[in-house]
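Below is one structure, written out as structure tokens; the observations come after it.
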Amino acid sequence: MQKQSTDRAIALALFSGGLDSILACRIIAEQGIEVQAIKFVTPFFDHDLLAHEHEYQQDIRDKYGIEVELIDLSDGYIDLLRNPAHGFGKNFNPCIDCKILMLNRARELMAERGASFLITGEVLGQRPMSQRRDTLNIIERDSQSRDFLLRPLSAQLMNPTLAEQQGLVDRDRLYGFAGRGRKPQVKLAKALGIKDFPMPGGGCVLTDPNLASRIERFYEGLFAFGQDEFLVNDFHLLLLGRHFRLPGGHWLILGRNEQENEAMLQYQEADDWRLHMPVRPGPMALLRRAAKMVTGREEENETVQRAAGLVVRYGKKTNGKVVAGEVLLEQEGEEKLLKAAPLPDAAFKEWIV
Ligand code: SF4
């Protein structure tokens with residue numbers, strides 16, 4: 001986004017898209033300050049928005065009068081999950097370090113945008129882990145943003161920031177909200193003419209018990225992977241389909257429907273092997289990094305046969321029965337047609353992730 005020519009002070013907002021961040025932007029904009037909102041995305045939250053950023057921006061502009069920009073934080077975030085300094089919440093959510101990372105990135109952007117201060121929609125005491133007073137202090141301290149991080153919804157319960165001390169922002173027109181209740185926010189939304197706002201919750205898969213546990217096990221080295229670096233596409237794959245850890249640690253992903261089958265094609269890498277049934281509806285399968293991780297003819301035959309057996313097992317039934325079928329294997333540009341019998345459930349029960 002281009003910095004607009006303006007004499008007004010500029011605030012950079014961390015924008016989640018939830019009501020609190022919408023309100024934070026509007027409270028500051030009401031004081032005649034230009035608000036530039038930033039929405040960070042990672043494979044764990046809101047990454048899909050990147051594919052239609054302009055529609056998203058237009059939607060937020062139309063509904064709330066807010067200018068928002070998406071920034072992909074994937075690289076730093078994938079590393080952060082290896083060992084967050086402040087640990088995890090109930091699931092695999094490193095909320096404190098997540099916020100510190102976002103604020104650090106926003107702080108870097110401040111100079112570029114000519115912004116005088118940062119704002120967030122945080123509310124004191126609203127979330128158990130990341131919005132307690134002591135945690136908010138840690139977040140400010142570790143992101144070195146104490147003097148210029150303003151939380152308009154709870155500002156009156158906090159020490160004045162530089163923007164308030166210097167008179168850029170009128171502290172009397174900020175708020176003193178605290179706790180988990182949302183009534184004051186809903187009332188304020190009405191007063192500001194904000195009608196159509198999202199309900200809280202959802203959004204971050206790192207708080208979803210099932211997906212978070214799968215991601216955590218992935219980080220723990222669940223699959224034979226052969227490289228230190230994880231790709232964004234590895235996480236896109238982890239969030240869809242059925243997953244199996246085949247003997248030898250090989251990672252097999254099966255699509256559960258046509259949409260997932262298609263999505264998997266986008267995430268395929270050159271060293272993945274792909275299997276599907278050419279003449280019967282069924283799953284697309286990816287043996288992730290198989291070209292690198294499967295060694296020797298015997299291991300190759302066994303692994304491919306197991307994968308083909310699962311493709312047939314989850315394929316469309318014929319006359320109500322799971323029957324044998326032909327599976328096309330694509331390995332680094334070469335194709336082979338295999339005959340495969342469906343694997344009995346007892347044979348692969350232990351492989352399901
Ligand atoms: S819920 Fe997810 S996006 Fe939100 S602070 Fe925690 S880790 Fe970050």
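Note that the numbering runs from 1 along the sequence shown for the chain. Whatever order the structure lists ligands and atoms in, that order sets their numbers, starting from 1.
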(message) Tell me if the aromatic rings of Phe40 and Tyr77 count as close, with their centers under 6.0 Å from one another.
(response) no
(request) Take every heavy atom of Phe92, measure it against each atom of ligand 1, and state whether any distance is under 4.0 Å. (result) no
(message) In terms of relative ring orientation, are Phe92 and Phe88 parallel, tilted or perpendicular, with 30° and 60° separating the classes?
(response) parallel
(request) Check ligand 1 against Phe45 and write out every atom of the ligand that is under 4.0 Å from a heavy-atom position of the residue. (result) 3 (S)
(message) If the threshold is 4.0 Å, N to carboxylate O, is there a salt bridge linking Arg274 and Glu335?
(response) no
(message) atom 8 (Fe) of ligand 1 and Cys98: any N/O/S contact shorter than 2.8 Å?
(response) yes
(request) Determine whether the side chain, the backbone, both or neither of Cys95 has a heavy atom under 4.0 Å from any heavy atom of ligand 1. (result) both
(request) For Arg182 and Gln185, test the side chains for any donor-to-acceptor distance below 3.5 angstrom and give the result as yes or no. (result) no
(request) Could you list which atoms of ligand 1 come closer than 4.0 Å to a heavy atom of Tyr77? (result) 7 (S), 8 (Fe)
(message) If I compare all heavy atoms of Arg214 with all of Leu240, which pair ends up nearest, and what's the gap?
(response) NH1-O, 4.0 Å
(request) Show which atoms of ligand 1 fall inside a sub-4.0 Å distance from at least one heavy-atom site of Thr207. (result) 1 (S)
(message) With heavy-atom distances below 4.0 Å as the criterion, list the atoms of ligand 1 near Pro94.
(response) 7 (S)
(message) I want to know whether Trp251 and Phe218 have ring centres closer than 6.0 Å.
(response) yes
